[in-house]
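What follows is a set of notes on a single structure, which appears directly below.
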Amino acid sequence: SLWDSMRVVVDYLTEHQPDALASATQAYRCFEPYAEDPQQYAWATRMVPASCEEEVIRLLIEVRGRAGSLDEDPEAGLDARQSAEVMAGAERYYRAMVRADAESWNVRDCHMADTLDRLVAHHHPAAKAVVWEHNTHIGDARATDMAAHGMVNVGQLVRERHGDDDVVLVGFAGHHGSVIAADAWGAGIRVMDVPPAPPGSHEDLLHQAVGQNAVLVFPPDRPGRWLTGRRGHRAIGVVYHPEAERFGNWVPTVMGRRYDALLSFEATESLHPLHLEAAQPAAEQETFPWGR
């Protein structure tokens, strides 16, 4: 949402602090040639060693510097600050995206963790937050093969920043059932069957040992072969191919290090969207080291 965020910043400064508009206008003009197409901007920075990075950073510094004087409307001030941070993060993300390496993922998850910190600080230093994300974002990346690819995620970052005692990471697991997903990026969603977990996976072990829906809370010292051993843990993303999931949907995981607790389901049921969106063939894509 680079361009949407830019408009929020421009509108806010126009109404509240017009003397700061120069930086915003300069950043806006830098992006004009790309017709609000982030991939066009990304490829342009790859082919020609020029970007709008300096303009965006200059604007971000301007908005950050004025953060203490935005008391006349704290919510609007937070929106302007967050939108400026989104612009900076988006510019870095699109520039990194064309390289198809771990950096674009890290830019995104660091931005999510930073946003969480800003929201908590805005409400109260002692405020609590519940974050709902995919296991791949929530489960500590250091307990998976993501770490070997140089990737971090929200779960790892919040543990590192706030300590184990102030963070609870909860994962989800399902042995079989159904899910909504797409056959390709930008394709329409549909209901797909999720086959039973293969032998040797975490989900298969839970099926054999528990055999019913369960909430599993891990002890602080994480003892036992199951919690300390590395096994495949199912990960279904936007794109899913049930017939070939054994090749790309099982993340090697040390369960006791990845989460503090786990919600385990024998059978999952696909969501029922209130509104179905049309297919978007030109949608942005994500690339994971394990091929999803």
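Computed from heavy atoms alone, side chains included, the values below leave out hydrogens, waters and symmetry copies.
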[atom1] ([X]) with more than 12 external heavy atoms under 6.0 Å:
{"X": "Leu271", "atom1": "CG", "value": "no"}
{"X": "Glu160", "atom1": "CD", "value": "yes"}
{"X": "Asp165", "atom1": "CG", "value": "no"}

Does a salt bridge link [X] with [Y], judged by any charged N lying under 4.0 Å from a carboxylate O?
{"X": "Asp204", "Y": "Arg231", "answer": "no"}
{"X": "Arg29", "Y": "Glu55", "answer": "no"}
{"X": "Arg161", "Y": "Asp114", "answer": "yes"}

[X] with [Y], same ILVMFWY side-chain cluster at under 4.5 Å:
{"X": "Val131", "Y": "Val107", "value": "no"}
{"X": "Leu78", "Y": "Val86", "value": "no"}
{"X": "Val154", "Y": "Val152", "value": "no"}
{"X": "Val179", "Y": "Trp132", "value": "no"}

What closest approach, in Å, do [X] and [Y] show between heavy atoms, and which atom pair accounts for it?
{"X": "Ala182", "Y": "Ala187", "answer": "CB-O, 3.7 Å"}
{"X": "Arg230", "Y": "Asp145", "answer": "NH1-N, 4.1 Å"}
{"X": "Glu266", "Y": "Asn213", "answer": "N-OD1, 3.0 Å"}
{"X": "Tyr240", "Y": "Pro195", "answer": "OH-CD, 3.4 Å"}
{"X": "Asp221", "Y": "Pro223", "answer": "OD1-CD, 3.1 Å"}
{"X": "Gly232", "Y": "Trp250", "answer": "C-CE3, 3.7 Å"}

For the side chain of [X] and the backbone of [Y], is there at least one donor-acceptor N/O pair under 3.5 Å apart?
{"X": "Arg246", "Y": "Pro198", "result": "no"}
{"X": "Ser201", "Y": "Ala197", "result": "no"}
{"X": "Asp140", "Y": "Gly155", "result": "no"}
{"X": "Arg159", "Y": "Val167", "result": "no"}
{"X": "His134", "Y": "Thr136", "result": "yes"}

Are [Y] and [X] an aromatic pair, judged by ring center distance below 6.0 Å?
{"X": "Tyr34", "Y": "Trp3", "result": "no"}
{"X": "Tyr93", "Y": "Trp105", "result": "no"}
{"X": "His233", "Y": "Phe172", "result": "no"}

Are side-chain N/O atoms of [X] and [Y] paired as donor and acceptor at under 3.5 Å?
{"X": "Glu85", "Y": "Thr115", "value": "no"}
{"X": "Asp193", "Y": "His176", "value": "no"}
{"X": "Arg58", "Y": "Ser23", "value": "no"}

| request: Please step through salt bridge (Lys or Arg N to Asp or Glu O under 4.0 Å) for the pair Glu53 and Arg92, ending with a clear verdict. | output: CA-CA 8 Å; Glu53 180 181 13; Arg92 287 195 302 272; over 6 Å; no

| task | Check the pair His162, Asp117 against side chain to side chain donor-acceptor pair (under 3.5 Å), reporting the backbone distance first and the verdict last. | result | CA-CA 10 Å; His162 303 288; Asp117 286 342; 2.9 Å; yes

| message | If you apply the rule side chain to side chain donor-acceptor pair (under 3.5 Å), what do you find for His137 with Asp109, and how did you get there? | response | CA-CA 7 Å; His137 294 291; Asp109 271 51; 3.0 Å; yes

| query | If we only count heavy atoms from C-beta on, is the Val170 to Leu262 side-chain gap below 4.5 Å? | reply |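 No - every pair of side-chain heavy atoms lies 4.5 Å or more apart.
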
